[in-house]
Amino acid sequence: MTQITLHNSRTRRKEPFTPIDPENVRMYVCGPTVYDRAHLGNARPVVVFDVLYRLLRHVYGDGNVTYVRNFTDVDDKINARARVMQEAGDARSLNDIIRALTDETIGWYHADMDALGALRPDHAPRATEFIVQMVAMIEGLIAKGHAYAAEGHVLFDVRSYPDYGKLSGRSVDDMIAGARVEVAPYKRDPMDFVLWKPSSAEEPGWDGPVWEGKSIGQGRPGWHIECSAMAHDILGPAFDIHGGGIDLQFPHHENEIAQSCCAHPDAGFANFWLHNEMVQVEGKKMSKSLGNFFTVRDLLDQGWPGEVIRFVMLSTHYRKPMDWTEEKAREAMETLRTWAYSVLGVMPSQVDPEFMEALQADMNTSDALTVLGELHKSNDRARLVASAKLVGFDLLAIGEKSWARLFEFKTNDGRFLSEGIDYQPTIGVIGWGEIPSEVHDVIADLVHLWLRHRRNKDFEKADSLRDSAALAGIELRATRSKNGINGGTAFIKNVIDPAKLEALK
RNA sequence: GGCGAGUUGGCGGAGUGGUUACGCAGCGGAUUGCAAAUCCGUGUACAGGAGUUCGAUUCUCCUACUCGCCUCCA
C-alpha cells in the first residue's frame with residue numbers, strides 16, 4: 001500500500017501517515033466565517049485539503065474517507081454586518097437577516113470553491129446547528145473542573161491543562177510575559193479564553209450551559225468550541241487529521257486541543273495537525289484587516305478560470321508562502337491549454353508512479369506538477385490524464401472549456417502554379433475559444449493580403465502588416481510547403497479589439 | 001518583548017551530505033526573405049560567518065534580513 005508522509009505540526013516533523021481505521025479515515029478542516037465572499041487566502045486551505053482528500057480517497061478508497069469542513073455562522077463580524085444592513089433599512093429581524101446573510105454567503109462560498117475544482121466535504125456543519133453539543137461539552141468541562149463562570153461568561157481555565165501551548169510551542173508563562181492583549185478582569189489567568197459569552201437582546205442567543213444548578217443565561221458560544229464540538233459529534237473523540245491555515249495554530253487550534261483533550265482525556269483528539277502557509281500580496285499576508293485582499297470571485301470575473309487559480313495554488317508547496325501574480329496565472333493557463341489540447345480524446349490509464357511519489361511525500365504538489373509536465377513532454381498522455389485527475393484537473397473536461405478549446409478556421413487561398421505544379425495554399429485562423437465569423441473573415445482577408453505581399457516580394461509592406469497585426473493581438477505565421485509556396489495562419493493571442501482590427505483593413 | 005517559519009540562478013519554484021530538478025525569460029543553433037511557431041543546445045544559484053565532515057547548498061551554532069503568530073483571521 002502507498003505510504004503517505006505528512007508534516008505534523010504537532011511534532012514538527014514529517015511522519016508516515018497511518019490512519020486509526022483505514023476503512024474510515026477522518027479529516028476535519030476549519031472552514032470560513034460566513035459574512036463575506038471568500039478571498040484567495042481563504043481558498044488556499046480549500047485547495048490544499050482538497051488534494052489531500054483526493055489523495056486519501058485514492059489510497060484508502062472513495063467510500064473510506066470522511067471529510068468535515070465547518071461553516072462559522074455565529075460571529076461578531078456577522079452580527080455587525082447584519083446590524084449595518086438593518087440600519088440601512090432592512091426591515092427583517094436581526095436573526096432573520098443573519099440567517100439570510102449566512103445562507104447567501106454559504107451559497108457564494110460553495111459556488112466559488114466548486115469553480116476551483118474542490119470536492120464538497122462529506123459534512124459541512126453550521127455552528128448554529130450544533131449549539132446543543134457545544135453547551136454539552138462546556139458543561140462537561142465545567143464538571144471536570146476545566147471551566148468556570150464569571151459575569152455571564154464561561155471561561156476555559158488554561159492552568160488546568162498542563163499541555164496548553166504544546167502545539168504552537170509556547171508556554172503560558174512566556175505568552176503572558178509578552179502579551180499585548182488587554183486582559184478582561186474576570187479572567188483567572190490572562191490566557192483563559194471564552195467558551196460562552198452573554199448576548200444582549202440585540203444579538204443572537206441561545207440557552208447557555210448550566211452553572212451551579214441553573215442556566216448561565218442567554219448567550220452564544222466562543223469561537224473555538226464549535227470545532228471541538230462538531231468534530232466530536234461527527235468524527236468522534238479521536239480522528240486522523242485536523243487542518244487549517246497556519247494563522248489558526250494559535251490560539252484557535254491550541255484552544256481546540258485544550259477543550260477536546262480535557263473533555264475526552266483518553267481519546268487524543270487529532271493525530272495529525274496540518275497547516276498551510278499564507279497567501280501573500282507583495283510579500284505581506286493577504287487579509288481582510290490589511291485590506292490587501294481580492295476574492296476568488298474577482299479573479300473568476302477577470303477571466304481567470306478556476307482551474308488556472310488552482311494550478312497556481314498547487315505550484316507552490318502548501319507549507320510555503322505563496323504570492324499570486326498574473327505572470328504565474330498566464331503560465332498556468334498556457335500549460336493547462338497545452339496539456340488539455342494534447343490529450344483530446346485520450347482515455348486515462350494509471351496514475352504515474354513518480355507523480356504518486358511526489359504527492360505522497362507531504363503533498364509535494366509543485367513536484368507533482370513537474371512530473372505532469374514530464375509526462376506531457378514524453379507523450380505519455382494516458383498517464384497524464386489519469387495523474388492530473390488525481391489532483392483535480394480533469395484535462396478532458398478542460399479541453400471542452402471555451403478558454404482551452406482551440407478554434408480552427410481554414411480556407412483556400414486560391415490556386416497558384418509553381419514550376420508547373422498546381423498548388424492550393426490554405427489560410428488558417430486559429431485561437432482559443434469561440435471566434436465569430438465576422439472576425440475570422442476579416443482576419444483571413446488579412447492573411448491573404450499578407451501572403452500577397454510576400455509572393456510579390458514586397459517584404460516592407462508584408463513586415464509592416466505583420467507588425468501592426470501583432471500589436472492588435474494577431475500573430476501572422478507562414479507555413480512553407482515543399483514547392484516554395486507559403487500558406488499563412490493567423491494566431492489570435494488574445495481577445496481582439498474590433499477597433500484595432502478595423503484599422504488593419 | 002516571547003515563540004515559530006524562512007532566505008536557492010534574471011524571475012518562479014523543487015530538492016539533495018558528493019553527480020547542481022523543472023518552468024518562464026534570456027542566449028546560441030537548425031529553420032526562415034525577416035519573423036513567429038517548432039526542434040536542438042545552453043545556466044555551475046543555494047543570505048553572511050564559524051563549526052562537524054574526506055567532502056555541505058543540504059547537519060550544528062552565531063549574525064543579518066524577511067515573514068507569520070502572540071487581536072479577528074485560511
Side-chain angles (χ1 to χ4, degrees), chain A residues 7 9 12 29-33 35-36 38-49 69 72 75-78 80 165 167-182 190-191 223 243-254 275-280 283-290 293 312 314-323 325 327-328 330-332 334-335 358 361 364-374 376-377 430 450 453-455 457-460 462-464 466-467 469-470 474-480 484 486 488-491 493:
Chain A
H7 178 91
S9 302
R12 282 155 232 279
V29 174
C30 291
T33 302
Y35 66 104
D36 202 359
H39 67 238
L40 197 64
N42 297 307
R44 192 168 187 195
V46 174
V47 171
V48 165
F49 290 103
R69 187 181 62 216
T72 300
D75 183 89
D76 288 346
K77 288 190 291 294
I78 298 172
L167 175 71
S168 52
R170 19 188 132 194
S171 76
V172 173
D173 292 325
D174 283 347
M175 282 186 282
I176 292 167
R180 300 184 311 202
V181 200
E182 272 192 54
M191 298 316 294
W223 173 39
I246 186 70
D247 54 345
L248 296 183
Q249 190 183 37
F250 186 89
H252 184 55
H253 290 160
E254 199 71 70
H275 292 106
N276 63 276
E277 253 293 350
M278 301 289 97
V279 171
Q280 301 192 332
K284 295 276 185 210
K285 174 186 173 183
M286 175 182 285
S287 73
K288 292 259 166 85
S289 49
L290 289 174
F293 68 95
V312 171
L314 295 184
S315 59
T316 301
H317 183 88
Y318 76 92
R319 283 192 292 110
K320 291 215 170 167
M322 188 210 84
D323 254 313
T325 61
E327 194 189 351
K328 286 183 185 176
R330 271 196 302 273
E331 278 184 29
E334 198 54 45
T335 303
N364 194 334
T365 51
S366 172
D367 237 9
L369 293 184
T370 300
V371 176
L372 294 185
E374 283 163 5
H376 173 257
K377 205 168 180 183
I430 61 176
W450 184 56
H453 290 321
R454 289 168 62 101
R455 282 176 196 131
K457 303 221 186 284
D458 192 346
F459 295 122
E460 207 170 303
D463 291 355
S464 129
R466 184 193 66 210
D467 293 344
I474 301 163
E475 200 174 276
L476 295 175
R477 301 174 179 174
T479 48
R480 220 165 79 104
N486 287 347
T489 301
F491 183 79
K493 298 172 94 169

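Computed from heavy atoms alone, side chains included, the values below leave out hydrogens, waters and symmetry copies. Every chain is numbered from 1, with letters handed out A, B, ... down the list of sequences. Keep in mind that what you see is a predicted model, and the values were worked out from it rather than measured.
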Sugar-phosphate, base or nothing in reach of A/K457, heavy atoms under 4.0 Å: nothing
Below 4.0 Å: OP1/OP2 of B/G6 and any side-chain N or O of A/K320: no
P atoms of B/C24 and B/G13, separation to the nearest Å: 16 Å
Which nucleotides of RNA chain B pair, in dot-bracket form (Watson-Crick or G-U under 3.5 Å, | meaning another strand): (((((((..(((.....[...))).(((((.......)))))....(((((..]....))))))))))))....
Residue whose closest nucleotide on RNA chain B lies nearer the 5' end, A/K284 versus A/S168: A/S168
Out of B/G4, B/A14, B/C70, whichever nucleotide has its closest atom nearest the side chain of A/R170: B/C70
Spacing between A/R330 atom CZ and B/G12 atom P, to the nearest angstrom: 14 Å
Touch class at under 4.0 angstrom, heavy-atom based, for A/G41 against every strand present: base
Protein-nucleotide distance (A/L167, atom CG; B/C70, atom P), rounded to Å: 14 Å
A/H253/A/C30 under side chain to side chain contact (heavy atoms under 4.5 Å, CB included): CA gap, chis, key distance, verdict: CA-CA 9 Å; A/H253 290 160; A/C30 291; 3.3 Å; yes
Any N/O donor-acceptor pair, A/K77 side-chain to B/C73 base, under 3.5 Å: no
Sugar-phosphate, base or nothing in reach of A/V29, heavy atoms under 4.0 Å: nothing
Approximate separation, where rounding is to 0.5 Å, of A/N42 CG and A/R44 CZ: 13.0 Å
Whole angstrom value for the distance that separates C1' of B/C72 from CZ of A/F293: 13 Å
Pairwise C1' distance for B/C22 and B/A36, with rounding to whole Å: 25 Å
Inter-nucleotide C1' distance (B/G4, B/C46), Å rounded: 23 Å
Atom pair OG (A/S464) and NE2 (A/H453), whose distance is rounded to the nearest 0.5 Å: 7.5 Å
Sugar-phosphate, base or nothing in reach of A/H317, heavy atoms under 4.0 Å: sugar-phosphate
Whole-angstrom distance between B/U32 and B/A21, as gauged at atom C1': 34 Å
Nearest-nucleotide pick for A/I246, side chain only, options being B/A74, B/G68, B/G12: B/G68
A/D323 and A/K328, any side-chain heavy atoms less than 4.5 Å apart: yes
Touch class at under 4.0 angstrom, heavy-atom based, for A/G283 against every strand present: sugar-phosphate
Touch class at under 4.0 angstrom, heavy-atom based, for A/T325 against every strand present: nothing
Cation-pi geometry met for A/R170 and A/F250 (6.0 Å, 45°): yes
A/Y318 OH - B/A5 P separation (whole Å): 14 Å
d(NE2, A/H39; C1', B/C72) in whole Å: 12 Å
Whole angstrom value for the distance that separates P of B/A74 from NE2 of A/H252: 9 Å
Rounded C1' spacing from B/G15 to B/A56 in Å: 14 Å
Distance in Å, A/T325 OG1 paired with A/Q280 CD, rounded so as to fall on 0.5 Å steps: 12.5 Å
Distance, P atom - from B/U19 to B/A25, rounded to whole angstrom: 29 Å
Nearest-0.5 Å distance, CD of residue A/E277 to CD1 of residue A/I246: 6.0 Å
Student check: side-chain heavy atoms of A/M322 and A/N276 closer than 4.5 Å: no
Earlier contact from the 5' end, RNA chain B, for A/N276 and A/P251: A/P251
Heavy-atom pair with the smallest gap, counting every atom of A/L476 and A/A469: CD1-CB, 4.0 Å
Whole-angstrom distance between B/C67 and B/A47, as gauged at atom C1': 15 Å
Shortest side-chain distance from A/F459, nucleotide among B/G33, B/C69, B/A14: B/G33
Sugar-phosphate only, base, or nothing, as touched by A/N364 at under 4.0 Å among non-hydrogen atoms: sugar-phosphate
Side chain of A/S287 (C-beta onward), nearest among B/G15, B/C73, B/G68: B/C73
side-chain N/O A/N42 vs B/C73 OP1/OP2, d < 4.0 Å: no
P spacing across the pair B/G6 / B/C61, given as an integer number of angstrom: 13 Å
Selected nucleotide, minimal atom distance to A/T33 side chain, candidates B/C70, B/A14, B/A74: B/A74
Donor-acceptor contact present, side-chain A/R455 to main-chain A/W450, <3.5 Å: no
Sugar-phosphate, base or nothing in reach of A/Q280, heavy atoms under 4.0 Å: sugar-phosphate
Where A/A368 and A/A358 come nearest, the two heavy atoms and their spacing: N-CB, 3.7 Å
Pairwise distance NE2(A/H275) to CD(A/Q249) - rounded to 0.5 angstrom: 5.0 Å
Integer-rounded Å distance: B/C67 C1' and A/R44 CZ: 13 Å
Sugar-phosphate, base or nothing in reach of A/S171, heavy atoms under 4.0 Å: nothing
Parallel, tilted or perpendicular: ring planes of A/H252 versus A/W223, cut at 30 and 60 degrees: parallel
A/M278 CE to B/U66 P, straight-line distance once rounded to whole Å: 20 Å
Heavy-atom protein contacts under 4.0 Å, nucleotides 21-28 of chain B, coded B base, S sugar-phosphate only, - none: BSSS----
Nucleotide nearest A/K285 (side chain, heavy atoms from C-beta), chosen from B/A74, B/G13, B/G4: B/A74
Residue A/F250, side-chain heavy atoms: nucleotide from B/G68, B/G4, B/C70 that is nearest: B/C70
Nearest-0.5 Å distance that lies between atom OG1 in A/T33 and atom NZ in A/K77: 5.0 Å
Can you pull every protein N or O that's under 3.5 Å from an N or O on nucleotides 34-38 of chain B?
unit_1: B/C34; atom_1: O2; unit_2: A/R466; atom_2: NH1; d: 2.3
unit_1: B/C34; atom_1: N3; unit_2: A/R466; atom_2: NH1; d: 3.1
unit_1: B/C34; atom_1: N4; unit_2: A/R454; atom_2: NH1; d: 2.8
unit_1: B/C34; atom_1: N4; unit_2: A/R454; atom_2: NH2; d: 3.4
unit_1: B/A35; atom_1: N1; unit_2: A/A478; atom_2: N; d: 3.1
unit_1: B/A36; atom_1: O2'; unit_2: A/E475; atom_2: OE2; d: 2.3

Close side-chain approach of A/V279 to A/H39, heavy-atom, < 4.5 Å: no
